[in-house]
There are 2 protein chains.
Amino acid sequence: MPVRTEIQEGDRRSGWKQDPEAVRQDILAAAIAEFAANGLSGARVDDIAAKTRTSKRMIYYYFGDKQRLYEHALEDAYAQVRSGEEELELDHLPPEEALACLVGFTFDHHRSHPDFIRMVMIENVHHAQTLEKSDMIRDLNVAAIDRLAEICARGEAAGVFRPGINPTRLHWQISALSFFNVSNRPTFSALFGNELFTEQGQEALRAEAVRIVLAGVMADGEGQR
Amino acid sequence: MPVRTEIQEGDRRSGWKQDPEAVRQDILAAAIAEFAANGLSGARVDDIAAKTRTSKRMIYYYFGDKQRLYEHALEDAYAQVRSGEEELELDHLPPEEALACLVGFTFDHHRSHPDFIRMVMIENVHHAQTLEKSDMIRDLNVAAIDRLAEICARGEAAGVFRPGINPTRLHWQISALSFFNVSNRPTFSALFGNELFTEQGQEALRAEAVRIVLAGVMADGEGQR
DNA sequence: ATCGTTTTGTACTGGCCGGTTAATTTGAGC
DNA sequence: GCTCAAATTAACCGGCCAGTACAAAACGAT
């Protein structure tokens, strides 16, 4: 049962081609879900196939083996998520507001992409050995730091940020607070209850994350709200 | 080749018993290493056995199956690490110093127990389904929050902390900054280089972690250092 | 020495699962 | 309509690995 997209958009040259591209995407989506749910060695190729509109054989046809499927799934997950981030426009805001906005956005964005977070967790369990090979992913992330560095530069120039801020460290802090919130939710709520993961709890965590990150960059004279 | 401890300490009643307790500990240590390195489904019982002074048969004899071995390994990892934390004595310090000290200590402590961090990561990948069943681990962690709550109470009473601090949220922040530093090191350094993980980089991160956590709890009037 | 219980070693198995074989369908170009 | 290559299917294989069968030590007690 070949997959046909009703509207042909990205197809090469002529009319048709029972749409291998859609099959690939279908497989990748299933793979991301399965890998995110069960990890690399925990994922079952048969289960991925079951979630697909095609068969196991097709996975091997398009991706070769499990490892390479995982590589593509990881790249796809990163691409999806980072492309969402690029839409954020901060240039017109004054630096503190831009940073506050970025922190809040990152917090929310991580929260709404748990599968992506889980892929990164899994990748960390495996010492990032797959990530290391992907130039594409590296480029995406370096761009994120550049945007942050730009905000820092404006803030320093305006005298509202203290001088000598390291954008990579700042990114680390923002990521830590946003990532941990999703990655460690299971153990944290098993140990301490659900309080922090209700809507109000999350709002409070979000607000405090913004607050403390800002506090970290503000020049000494400037009070934090 | 039975394992004998030279000095008999915890042995029940009479003379001896080729020391099953030492065998258990030997197995658990190997299991923690293997699970931390390869995850739950990635770990191989044969490999654990190879790291042991005994055989695979003994693992099944003492622990029944892989899942129960994992449960005991997780509990053991938590117990080891939390027992190290209890030694920290903060009661005699003024509240801000106590908190600063606790944050710094937590940062260092996580850093020096990467296997424990990895066990928790893995547990999160599995939705904490094993952790949930362990009352022992829950008790250990609730105690950690109590210590923190005590510091908060002192700080509020002295007027140096703002009122209404939530100790669980505070613990979440401290954990986030300390945990992420270890858990996401592989991907982070694959993407952004090693800069943050040199000795100087880590010191800067540590100092900033202390700084921003303190900034989060300080009363408005009090400047941060 | 002999018995019963605990502890250990060896060798094996059964099923799960990543990967494949080989044959069929599909559409494009002629 | 025929041919060729791309796409797809169903059935299968073989190695890995969690878990076991069986029996033999090792030990305490008598």
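Just so we're on the same page: letters track the sequence lines, and every chain starts at 1. Below, all heavy atoms of this structure are taken into account, side chains as well, without hydrogens, waters or symmetry copies.
Rounded to a whole Å, the CZ atom of B:Arg24 is 14 Å from the C1' atom of C:dT7. Taking atom CG on A:Asp26 and atom P on D:dT8, their separation rounds to 11 Å, with Å as the unit. In this structure, CZ of A:Arg57 is placed 15 Å from C1' of C:dT25, rounded to the nearest angstrom. As rounded to whole Å, 13 Å separates atom C1' of D:dA18 from atom CD of B:Glu34. Here C:dT24 presents its P atom at 16 Å from CE of A:Met58, a figure rounded to the nearest Å. Rounded to an integer number of Å, the gap from CZ of B:Arg53 to C1' of C:dT8 is 15 Å. For the pair A:Phe63 CZ and C:dG18 P, the computed distance is 16 Å after rounding to whole Å. For the pair A:Leu69 CG and C:dG19 C1', the interatomic distance rounds to 13 Å; values are reported in whole Å.
Phosphate proximity of D:dC17 to B:Arg44: present, with a side-chain N or O under 4.0 Å from OP1 or OP2. One finds a side-chain N or O of A:Tyr62 lying less than 4.0 angstrom from the OP1 or OP2 phosphate oxygen of D:dT8. Phosphate contact (OP1/OP2 of D:dT8, side-chain N/O of A:Thr54, threshold under 4.0 Å): absent.
Between A:Tyr61 and A:Lys56, the one whose closest nucleotide on DNA chain D sits nearer the 5' end is A:Tyr61. Residues A:Gly64 and A:Asp46 both approach DNA chain C. Their nearest nucleotides, taken by heavy-atom distance, put A:Asp46 toward the 5′ side.
Ring orientation note: the planes of B:His109 and B:Phe105 are close to parallel, at an angle under 30° on the 30°/60° scale.
A salt bridge does not link B:Arg206 with B:Glu203: none of the charged nitrogens is closer than 4.0 Å to a carboxylate oxygen.
Closest approach to the B:Asp65 side chain among C:dT20, D:dG19, D:dT20 is made by D:dG19 (side chain taken as heavy atoms from C-beta onward). Distances were taken from every side-chain heavy atom of B:Tyr60 (C-beta onward) to each of D:dA10, C:dT8, D:dA18; the shortest belongs to D:dA18.
At the heavy-atom level, A:Ala49 lies nowhere under 4.0 Å from the strands shown.
With hydrogens and angles left out, the side-chain atoms of B:Glu71 and B:Thr130 include no donor and acceptor closer than 3.5 Å. The closest side-chain donor-acceptor pair between A:Arg82 and A:Asn141 falls under 3.5 angstrom.
You won't find any donor-acceptor pair under 3.5 Å spanning the side chain of B:Lys66 and the base of D:dG19, going by distance alone.
Side-chain atoms of B:Arg138 come within 3.5 Å of backbone atoms of A:Ala190 as a donor-acceptor pair (strictly under, hydrogens ignored).
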